[in-house]
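Heads up, the thing below is written out as structure tokens.
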Amino acid sequence: MKLEKQAILNALKTISAPGEGEDMVTSGAVTNVVTFGDEVIVDITIKNPSLQAKKKTEVEIMKAIHAEVHQKAQVKVNVRVDAPEKKQVNEIKGKPIPGIQNIIAVASGKGGVGKSTITANLAVSLQKMGFKVGILDADIYGPSIPIMFDVQDEKPLSVKVDGKQKMKPVESYGVKVLSIGFFTKPDQAVVWRGPMASKALNQMIFDAAWGELDFLLVDLPPGTGDIHLSIVQAMPLTGAVVVSTPQNVALADAKKGVAMFQQESINVPVLGIVENMAWFTPEELPENKYYIFGKEGARNLAEDLGVRLLAQVPLVQSIREAGDVGRPAALQDDTILSEAFETMTRNSVEELVKRNDNLPPTEAVKITTMAGCAAVKK
């Protein structure tokens, strides 16, 4: 017995592929038919990815060939699925905070590199660009955001939202701020174990009336410890910005900070690295650059890790003065600092847009036992 290819094609014209109005041959679903004596191989492509559709297609082809050509034909069907890609919806998943579109963590492996300064100026720059911005000061043991926004004497008010009492963040320069510093005295040390600190963080995250925000910046404490795990467990971070100076000691810790977010169990996209205190520049001699902490260290680290260098921010005396008086330097006009922060913010937004276009939404991390706590080899 020898099967004819045309007879097979005629038989396949009597049935239609799942989701197609035309028969399998006319619609182009059948991509190839090969016959060897009493054997026939049919290659077909369908758009329905379900197992039921694949099985139904295979059975219908066998029945048609047995009924129309020969009942003892040896039929093999290769079903390939060519389903259209689903467009990713960039929504916050896991345990969302209603009204907040993007949650950005600002982190550093080492203390003293100016992470809170970068957070404050990133927030102000975003607000100047027209975005609605909030800051969660998650540095439980050393909150400095209230000082940088000149609101250290303020207290969040209690408001009722949907029948529940919520904390209303303090607002300064158009940025909404919540910090543990609002609930402690200036000379009071926060002596808490991890679980107590995590509970306080959860209250500031979920018991706050943030309203509608385009960005919530989370100012993390230095290191890669318990607070960081609490944050990635509590909320799905859209991305992270890592801050470092060019100094080798700071770079070694910044590398660990990037590695923490890139762990498989955490998997938060790193938007880039900010090189803070890239060089010292006297205000009256802006062309003079003194590389007191080293040169191009964070730029080289960004290249090594395959992430973007978002900006190099110089060390100028006015940046310290601006932080101390509670007026972020990004509010200045036409200075080397305001230009550096504008570049940093613009590049951060560009990376965020790329991240939201190309990657699925980040899930809130589910940490069990020691998962997410292991050392990472990079």
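- Taking both residues in full, the closest heavy atoms of T238 and R355 are given as O-NE, 2.6 Å, listed atom of the first, atom of the second, then distance.
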Practice task
Show your reasoning for whether side chain to side chain contact (heavy atoms under 4.5 Å, CB included) applies to E4 and T35.
Solution key: CA-CA 7 Å; E4 296 293 335; T35 60; over 6 Å; no
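- Checking side-chain atoms of K166 against main-chain N and O of F206 turns up a donor-acceptor pair under 3.5 Å.
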Exercise for the section: List the steps, then state whether side chain to side chain contact (heavy atoms under 4.5 Å, CB included) holds for V42 with M24. Expected result: CA-CA 11 Å; V42 178; M24 288 184 173; over 6 Å; no
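- By the 6.0 Å contact criterion, CD on E287 is open, its count of non-hydrogen atoms from other residues, nucleotides or ligands being 12 or less.
- Residues N276 and V113 have side chains not in contact (no heavy-atom distance under 4.5 Å, counting atoms from C-beta outward).
- Panel note: side chain T26, backbone D23; no donor-acceptor pair is recorded below 3.5 Å.
- Electrostatic pairing of E351 and K354 counts as a salt bridge here, judged by a charged N lying under 4.0 Å from a carboxylate O.
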Problem - Chi angles and distances behind the side chain to side chain contact (heavy atoms under 4.5 Å, CB included) call for V242, V307 - result: CA-CA 10 Å; V242 176; V307 298; over 6 Å; no
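- Around CD of Q317, the count of heavy atoms belonging to other residues, nucleotides or ligands within 6.0 Å does not exceed 12.
- How far CG of L310 is from OG1 of T343: 10.5 Å, rounded to the nearest 0.5 Å.
- Taken from CG in D334 to CD in E339, the straight-line distance is 7.0 Å, to the nearest 0.5 Å.
- When the shell of 6.0 Å around NZ of K128 is examined, it contains more than 12 heavy atoms from other residues, nucleotides or ligands.
- Between M277 and I292 the shortest side-chain heavy-atom distance does not fall below 4.5 Å.
- Here CD1 of I104 is found 8.5 Å from CG of L122. Values are rounded to the nearest 0.5 Å.
- Side-chain atoms of T45 do not come within 3.5 Å of backbone N or O of V81 as any donor-acceptor pair.
- E154 places no side-chain N or O within donor-acceptor distance of the main-chain N or O of F182, the cut-off being under 3.5 Å.
- Hydrophobic clustering of Ile, Leu, Val, Met, Phe, Trp and Tyr side chains at less than 4.5 Å, counting indirect connections, keeps V170 apart from I147.
- Under the 4.5 Å side-chain heavy-atom criterion for Ile, Leu, Val, Met, Phe, Trp and Tyr, I15 and V79 are members of the same hydrophobic cluster.
- What you find for A64 and T14 is that their closest heavy atoms are CB-OG1, 4.1 Å.
- The shortest side-chain heavy-atom distance between R327 and D150 does not fall under the 4.5 Å cut-off.
- Nearest heavy-atom pair across P169 and K176 is CB-CB, 3.9 Å.
- The main-chain N or O of D43 is found under 3.5 Å from a side-chain atom of T31 such that the two form a donor-acceptor pair.
- A donor and an acceptor atom, one from each side chain of Q332 and S338, are nowhere located under 3.5 Å apart.
- V69 has its side chain out of reach of V40: every pair of non-hydrogen atoms, C-beta onward, lies at least 4.5 Å apart.
- Other residues, nucleotides and ligands contribute more than 12 heavy atoms inside 6.0 Å of the CG atom of N288.
- Checked against D137 for a side chain to side chain donor-acceptor pair (under 3.5 Å), the options S116, S179, S144 give a single hit: S179.
- Between the R299 side chain and the L309 main chain, no donor and acceptor come within less than 3.5 Å of each other.
- I46 and V59 are assigned to two separate hydrophobic clusters, defined by single-linkage of ILVMFWY side chains at heavy-atom distances under 4.5 Å.
- Using a 4.5 Å cut-off on side-chain heavy atoms (C-beta onward), V349 and L126 make contact.
- Taking the side chain as every heavy atom from C-beta outward, D253 and K256 approach each other to under 4.5 Å.
- Taking 4.5 Å as the limit, every side-chain heavy atom of V124 sits out of range of all side-chain heavy atoms of F341.
- Between L301 and A254, the shortest heavy-atom distance links the atoms CD2-CB, 4.0 Å.
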Practice task
Evaluate side chain to side chain contact (heavy atoms under 4.5 Å, CB included) for D38 paired with H70, printing each intermediate quantity in order.
Solution key: CA-CA 9 Å; D38 65 345; H70 200 287; over 6 Å; no
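- Contact record, D219 with I145: OD2-CG1, 3.7 Å, taken as the closest heavy-atom pair.
- One N or O on the side chain of N102 and one on the backbone of D214 form a donor-acceptor pair closer than 3.5 Å.
- Interatomic distance, CH2 of W279 versus OG1 of T245, reported as 13.5 Å (0.5 Å rounding).
- If you chain together hydrophobic residues whose side chains sit under 4.5 Å apart, M62 and V25 fall into the same group.
- Within the 3.5 Å criterion, the main-chain N or O of E342 finds no donor-acceptor partner in the side chain of T345.
- Distance alone, capped at 3.5 Å, is enough to place a donor-acceptor pair between the K115 side chain and the L220 backbone.
- Using a 30° and 60° split on the angle between ring planes, Y173 and F149 fall in the tilted class, from 30° to 60°.
- Considering all non-hydrogen atoms of both residues, P156 and L178 come closest at CG-CD2, 3.7 Å.
- V325 and I118 are not part of a single hydrophobic cluster, where members link through side-chain heavy atoms under 4.5 Å apart.
- Here the straight-line distance linking atom CD of Q203 with atom CE of M167 works out to 6.0 Å at 0.5 Å rounding.
- In this structure, the separation between CD1 on I41 and CZ on F36 is 5.5 Å, given to the nearest 0.5 Å.
- For K164, the NZ atom counts as loosely surrounded, since its 6.0 Å shell holds 12 or fewer non-hydrogen atoms of other residues, nucleotides or ligands.
- Inter-residue side-chain proximity for S318 and T335 is flagged as unmet; no heavy-atom pair is nearer than 4.5 Å.
- Of the possible polar contacts, none joining the Q312 side chain to the A278 backbone as a donor-acceptor pair under 3.5 Å is found.
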